[in-house]
Every structure is written in structure tokens, then in C-alpha cells.
Amino acid sequence: METRVHLAHLGRAAGVVALGVTVSLITSTVVAARAYERRGIAASGEVRSITVKGSVRRPIRADQAVWRVEVSGEAAALPDAYAALEQATGQVHAFLTARGFAEGQMGLSAIDTRTYYQRDAKGMETREIAGQRLSRVFTISTPEVDRVAQAAGSVTELLREGVSVSSAAPEYSFTRLGDLRIELMGEAAADARLRAERIAQAAGSRITEVRSASMGVLQVTQPHSTEVSGYGIYDTSTIDKDVVAVVTLTLGLAAQ
């Protein structure tokens, strides 16, 4: 009798264990399924994008020149220095006029005066005046950039005539850079999008919307230069230049 009771208890215990295992398996299956479902939802909602830089290089030609020519006169006495300056100023003015510059294109600064003093045997400066130097600066501002380039190369003629003159390198600029910037930005953005489309296609994706766009500083350099700067470059030494624009685009990606 006792043996039958024992077996009955064992049977009920085995049933409970089996039921527990079954419930556990069902619960685990449900949890795993929900976890998998959550991962699928997260994967489908993942933000996918690509960031690409595009650039464009455009040759431009300067349309404005600024050229400065300093003329001076020196002598022991101030009146003589002034007379020498006046003569040299007239010669430089005649030189510029002969090369086709109009009066409205030539500016003349005020006179700058420098006094030089004698030095003693120890090399110390004394209060005795050794000489005077007076100078003025012609500033030529004109859109005739080729005329400036030719005149600047002929200043040696004045030196041969004994004129005390110093010529600075002309500065050539492009005055319509602001208008050109908008056009260049469009071309650089198109280049960036084309690059992004090719990369996406190779990866089995396609481009969607533009999420952000930013333009870097313009680089205005000598022709064919590879020089760049984070602050931008504006070269004024040459008439012919290159301007480079860079645009960075971030675009959405989707499956094909």
C-alpha cells in the first residue's frame, strides 16, 4: 500500500516538473521572439547617412590692380630735400601719364619726413642733423591690370635716370568673387552628390534627402597651385588665378 502511495506522489511530482519545463520553454520562446522583434524594429529604424566632400576649381582673371610707387628726395638741408622730392615726383608722374594712366587713377600721399642725425666716435646718435629724407607714395588703382603689369616692369627706366623710386609688387584682385561664390557652391554640391551616389551604388544603397550642407572657405591661388589653408587663401601676386570651392554634404541612405 505504501509503495502505491509513493508512486502516486512521484507521478504527481514528475507531472509538475514536466509542466514547469514546458511553461519555461514557452516563456523562453516568447521572450526570445520579442527580443528578436525589438532588434528588427531597431535595425529598421537605424539612421543611415553618408558624408561626402565635393569640389570645383575655376580659372579667373583679376579685374582690379593696386600699385604703389614710392618716390623720395634726400639732402643735408630740408629745402634741398624738398626740391629733390618735387623733381622726382614730377618725373614719376610723367612716367605714369606716358603709360596711359589717367589722373583719376593716380593718388598721391602726404609727404613723410625723416631726419637723420650724426653719430659720435662711439656710434651714439647726436643732436646734429646729418640729412633729411622726404618721401611720397603714388597709388595707382585701375581695372587695367595688363597696363599695370607692363608699367611695373618698366620702373628700371626711372632708376637709370637717377630718380629715387621704389616700386612695390602690384596687387591683383577679383572684385566679383561674392557673386561667383554662389555659382561655385552649386557646382561643388553637385560634385559631392555625384560622389555620394557612386559610393552608395557600389554599396547596394541609394541616396535620399540632403540632411546638411556646409561650404568651406574659398582658396584663391596662383594657377595650378595645390596650396590650401583653413582660413582661406587670397593670392594677389598674379593676374590669372584659380579659385577652389569645397562643399560638404550629408545625405540619407536607403536600401535599393
Side-chain angles (χ1 to χ4, degrees), residues 60-178 219-223 225 227 229 231-243:
I60 59 174
R61 183 173 173 81
D63 57 9
Q64 184 69 28
V66 175
W67 180 35
R68 294 176 178 84
V69 181
E70 184 185 69
V71 58
S72 62
E74 294 186 37
L78 188 60
D80 295 334
Y82 180 77
L85 175 64
E86 283 291 284
Q87 181 179 353
T89 300
Q91 289 174 286
V92 173
H93 184 273
F95 170 86
L96 295 173
T97 301
R99 279 152 182 79
F101 296 109
E103 290 295 328
Q105 296 174 327
M106 296 184 287
L108 189 58
S109 72
I111 297 175
D112 179 68
T113 304
R114 293 185 184 180
T115 301
Y116 298 98
Y117 294 94
Q118 297 282 6
R119 294 185 178 273
D120 59 22
K122 296 182 179 180
M124 301 296 293
E125 193 175 85
T126 68
R127 299 301 301 167
E128 184 179 353
I129 295 176
Q132 304 279 354
R133 183 181 186 274
L134 306 182
S135 63
R136 307 184 79 176
V137 177
F138 281 93
T139 300
I140 299 88
S141 181
T142 174
E144 299 175 281
V145 294
D146 291 317
R147 188 184 299 278
V148 168
Q150 293 170 1
S154 303
V155 171
T156 51
E157 295 179 16
L158 289 170
L159 296 173
R160 283 196 294 266
E161 294 173 6
V163 181
S164 182
V165 63
S166 175
S167 170
E171 298 176 1
Y172 303 103
S173 59
F174 182 74
T175 62
R176 293 173 284 120
L177 196 59
Q219 312 287 337
V220 181
T221 67
Q222 296 180 13
S225 173
E227 185 180 8
S229 169
Y231 297 100
I233 297 172
Y234 199 114
D235 181 83
T236 60
S237 65
T238 58
I239 294 175
D240 294 306
K241 312 174 188 297
D242 280 351
V243 55

With no hydrogens and no angle check, just 3.5 Å: does a side-chain donor-acceptor pair link [X] and [Y]?
X	Y	answer
Glu171	Gln64	no
Ser164	Ser72	yes
Thr113	Gln132	no
Asp235	Thr221	no
Trp67	Ser141	no

Quick one: closest heavy-atom pair of [X] and [Y], and the distance?
X	Y	result
Asp80	Ala75	CB-CB, 3.4 Å
Pro170	Ala152	CG-CB, 3.8 Å
Ala88	Val71	CB-CG2, 3.2 Å
Gly100	Arg147	CA-NH1, 3.5 Å
Asp240	Arg61	OD1-NH1, 3.2 Å
Ile129	Ala76	CG2-O, 4.4 Å

Indicate yes or no: at least one non-hydrogen side-chain atom of [X] is less than 4.5 angstrom from one of [Y].
X	Y	value
Val165	Val155	yes
Val66	Tyr172	no
Asp146	Glu144	no
Leu96	Ile140	yes
Val148	Thr142	yes
Arg119	Met124	no
Arg136	Glu86	yes

Between atom [atom1] of [X] and atom [atom2] of [Y], what is the distance when rounded to the nearest 0.5 Å?
X	Y	atom1	atom2	answer
Thr115	Leu78	OG1	CG	7.5 Å
Glu70	Thr139	CD	OG1	10.5 Å
Thr89	His93	OG1	NE2	10.0 Å
Arg133	Leu85	CZ	CG	9.5 Å
Lys241	Gln219	NZ	CD	14.0 Å
Leu177	Asp63	CG	CG	10.0 Å

Task: Steps toward side chain to side chain contact (heavy atoms under 4.5 Å, CB included) verdict (Glu74, Leu134) - done: CA-CA 6 Å; Glu74 294 186 37; Leu134 306 182; over 6 Å; no

- [ ] Answer yes when Glu157 and Arg99 have at least one side-chain N-carboxylate O distance shorter than 4.0 Å, and no when they do not.
- [x] yes

Task: Gln105 side-chain N/O to Ala102 backbone N/O, donor-acceptor pair under 3.5 Å - done: yes

Open item on the list: Using a 3.5 Å distance criterion without hydrogens, assess whether the side chain of Ser225 forms a donor-acceptor pair with backbone atoms of Glu227.
Closed with: yes

Open item on the list: If you apply the rule side chain to side chain contact (heavy atoms under 4.5 Å, CB included), what do you find for Leu158 with Val92, and how did you get there?
Closed with: CA-CA 8 Å; Leu158 289 170; Val92 173; 4.1 Å; yes

Task: Crowding at CZ, Phe174 (>12 non-hydrogen neighbours, <6.0 Å) - done: yes

- [ ] Please say whether the positively charged group of Arg68, taken as NZ for Lys or CZ for Arg, lies over the ring of Phe138, i.e. under 6.0 angstrom from the six-membered ring centre and within 45 degrees of the axis.
- [x]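 No cation-pi geometry.
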
